[in-house]
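Below, each value reflects all heavy atoms present in this structure, side chains not excepted, and no hydrogens, waters or symmetry copies. As the structure is a prediction and not an experimental result, all values here were calculated from the model. All ligand and atom numbering here is 1-based and tracks the order in the structure.
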Amino acid sequence: MTTDTIQDPKSVLETRFVDAIRAALPDLEGEVDPLIGPSRQPELGDFQSNAAMPLAKRVGMKPRDVACAIVEKLDVTGIANPVSDESIAGPGFINISLLPEAIGSALSAMDDEDLGLPAPADPETIVVDLCGVNLAKQMHVGHLRSSVIGDAIARLKERLGHTVIRQSHVGDWGLPIAMVVQRLIELEDEGSIDTKTISLDELNTIYRAAQAQCKAEKKALDLIERVGGHAKAEAELEARIEDAQRAFKLAQERLVKLQSGDERSVSMWNRVYEITMGACLATCAALMTNITDEHSAGESTYREELGPLISDLESRGVAEIDDGALVVKVDGIKEPTLVRKRNGGYLYATTDMAAIKRRVQELGADQVIYCVDARQALHFKQVFGAATKAGYATKPDGTVAHLEHAAFGNVLGEDNKPLKTRSGENVKLQDLLDEAVVRAKQEVDSRSADFPEEERATIANNIAIAAIKYADLSTERVKDYVFSFDRMLAFEGDTGPYVLYAIARINNLVRKARDNGVDVESALSSEMTLDDPAERALALLVLRYPTMVRAAGENDEPNRLCGYLYDLASMFAKFYEKCPILKDGVDEGSRDTRLRLAVLTKRVLEDGCATLGIPTVERM
Ligand code: ARG
C-alpha cells in the first residue's frame, strides 16, 4: 500500500505554475488558472500552459512578457526539464517536458493495490438516499436514474474511503397505500383475486383503479358545483360521488386500522410490500447495483416518529399555525414547509424531516446526499431548510451535517419527450433491461460465434447492463438525455461497450504474450522507460486516475469519471496502433514497458468501471 497520495504530474505542475504566477505578478487579484493541457506540439513537450494570454489582459502586459516572467519564477525541479525563454512558443505558450524518470517512478508508485488512492485519514459517514420506489407500482425509468446514479455516487464515496449507508426511502405509507390495501381486501372477500399469486403488474392496475375511484369524488363535486343543473346528470354524478366518498372513507378507516396494527390490514400491507420489493430488488440486482433489502428504510418506518416530531416543532416554536395548517418558515425560502395539514394529516415533507433526524442523529451522517429527480428541488430546499432550523441536521457533537440534493433530469424517448410506451404508459424498467440484453446477445452471437453459448449469454448480459448504466451515468446528471438502444450499445464512440472492448483487447494481448513465451510476471515489475510520445501520453492519462476519481466523487458527478474512462480507452487505442508490443524487432525493454503500461491501463479501466457499478467482461 502506498502511504502517500500519488501526485500526478499534471497536478504537481498546476501547483508549481500557480506559485510562479503569484510570484511573477504579485499585484494580481482573484483566482488563477494555470491552464495546463496536453501539448499541441508533442515534439515541444508533454504539457503546455496557456495562462499567459488571459493573464496579460488582466494585468495589461504583453503575453510574451507575462510568459517570460512566469518562466523566471517557475521551479520544476524533480518533475520536468529546466524551463527557459526557449520553452515559450508563439505569443506565450509555455511548453513543459517531463523528466522520463518522473513519469516512470510515478507510474510504478501508482501500480499498487489501491491505484494511487489510499484511504483518507478522516473518513466521513455519508448517507446516500437512492432508489426510493413506491409500493404497488412498477419501477420505471425515473428509478433507473435514482438507482444507477445513487449507487454510483455511493461507490465513488466508498472508493474514496468513506463509510456509506444506502437508504431507499420507499413510498410505502399513507392514504394511497391504504386505498390499495382496502381495495385488495374487498377483492379478496369477493373471491376475485388470490393474493398469494398476484403479480406486481396486477397490483399496479388495482392501485390505479383504487386511486381513480377515490378521486372521482373531488372531480365530480367540483363539476356539479360549477355547472349545477340537469337532473339525470346530477343523479348520476351523485351516485358516483357517493361511491367515491364511500371508497375514500373506507380508505381513511383502513389507514387508521393499519396504523393501530389491525391484523388483516397489516398482513395485506405486508403482502403488497413483499410483492413490490421482491420485483424491485430483483431489478436492482439485474442492474448490478448494490441495493438490497437491508437498504430499505420506507416511509412506514418513520410513522411512530411523526407525532413526537410535530410536538417538538410546536413546543419549541419552530413551527407555527398558518391558516389552520402547521408550517415551518425558513429565512430565504419563500414557500413555508407544510408539516401538518389542516385535517391533521402528515405529509411527504414531515417524513423527510424525520428521516434527516434519524440519518444525522442516529446513523451519524456527516453528509446526506439525495439522488432524486430534479422536479423535487423545491421539496428538498424546504425540507433541508426546515430540518436545519429545527436542529435535526445537527450531530450530537454540534456540527451540522451537509444536506445535498444530487438532482437528475429526465430520460427522454427518441421524440425528445419523456420516455413512454406506445400506449402512453411509463416504460417498465425491467422491460428495458430485457430488451437491451436481447439486442446485445445478437451482437455477441455474430461477433463471437466461436465462444461457448453460456459465455456469450454472460457477456451479452454484462454488455447490456454496462451500456445502459454508462449511457445514464455519462451525461451530466441534471440534464435530460435521450434513451437510444442503438447509440448506447454501439461498440464505437462514447459508450459502455467501447470501454469494455478496451479491457478485452488488453486481456487478449496478455494472453498472446503468454502464448509467445513472454515472462509476463517479470514484465509487470520491470523498470519503465517511456520514450515514444504515445506511451507518454497514455502514461500521463493513467496517472490522472486518482485526481479524476476524487473530482467525480467529491462533486457527485459520475459523468466525469465516465468521460475519463472513455478518454483512456481512446488513448489506449492510439497507443496500441502506434506502439507495437509483440511484433518481431521490438526490443525487450520496450516490450516490457508497453506490456506493463497496457496492463496498468486495464486495471484503471476495471477499477473505474467497478467504482461506477459498471460490469466488465474478460473477453468479447
Ligand atoms: N418515493 C419517492 C418518489 O418516487 C422518492 C423518494 C425520494 N427520497 C426522499 N427521501 N424523499 O418520488
**Request:** Would you mind listing which atoms of ligand 1 come within a distance below 4.0 Å of any non-hydrogen atom of H143?
**Result:** 4 (O)

**Prompt:** With ring centroids as reference points, do F384 and Y370 lie under 6.0 angstrom apart?
**Reply:** yes

**Prompt:** Where does V170 meet ligand 1, judged by heavy-atom distances below 4.0 Å: at the side chain, the backbone, both, or neither?
**Reply:** neither

**Asked** For ligand 1, which atoms sit closer than 4.0 Å to a heavy atom of V372?
**Response** 7 (C), 8 (N)

**Fill in**
among protein heavy atoms, the one nearest atom 6 (C) of ligand 1 is Y348 OH, 3.4 Å

**Message:** Would the distance check show the side chain of T337 and the main-chain N or O of Q382 forming a donor-acceptor pair, the cut-off being under 3.5 Å?
**Reply:** yes

**Prompt:** Going by distance alone, is a donor N or O of one side chain under 3.5 Å from an acceptor N or O of the other, for E274 and N270?
**Reply:** no

**Asked** Can an N or O of Y370 be found at a distance shorter than 3.5 Å from an N or O of ligand 1?
**Response** no

**Face-on cation placement of R358 at Y302 ring, 6.0 Å and 45° thresholds** = yes

**Prompt:** Quick one: which of V383, V133, L130, N134 has a heavy atom closest to atom 1 (N) of ligand 1?
**Reply:** N134

**Message:** Heavy-atom pairs closer than 4.0 Å: do any link ligand 1 to the side chain of D373, the backbone, both, or neither?
**Reply:** neither

**Prompt:** Taking distance alone, with no angle check, do D129 and ligand 1 share an N/O pair under 3.5 Å?
**Reply:** yes

**Message:** For H379, give me all partners under ring-ring contact (aromatic ring centres under 6.0 Å, His included), at least two apart in sequence or on another chain.
**Reply:** Y348

**Prompt:** Distance only, no hydrogens: is a donor on one side chain within 3.5 Å (strictly under) of an acceptor on the other, for T399 and D397?
**Reply:** yes

**Request:** Can you pull out the closest protein heavy atom to atom 12 (O) of ligand 1? Residue, atom name and distance to 0.1 Å, please.
**Result:** Q376 NE2, 2.9 Å

**Prompt:** Between Q138 and D201, does any side-chain donor sit less than 3.5 Å from a side-chain acceptor?
**Reply:** yes

**Message:** What I want to know is whether G132 and ligand 1 share at least one N or O pair that is separated by under 3.5 angstrom.
**Reply:** yes

**Item:** Qualifying residues under ring-ring contact (aromatic ring centres under 6.0 Å, His included), relative to H295, sequence neighbours excluded
**Value:** none

**Message:** Tell me whether ligand 1 is touched by E299 - counting only heavy atoms on the residue side and a distance under 4.0 Å.
**Reply:** no

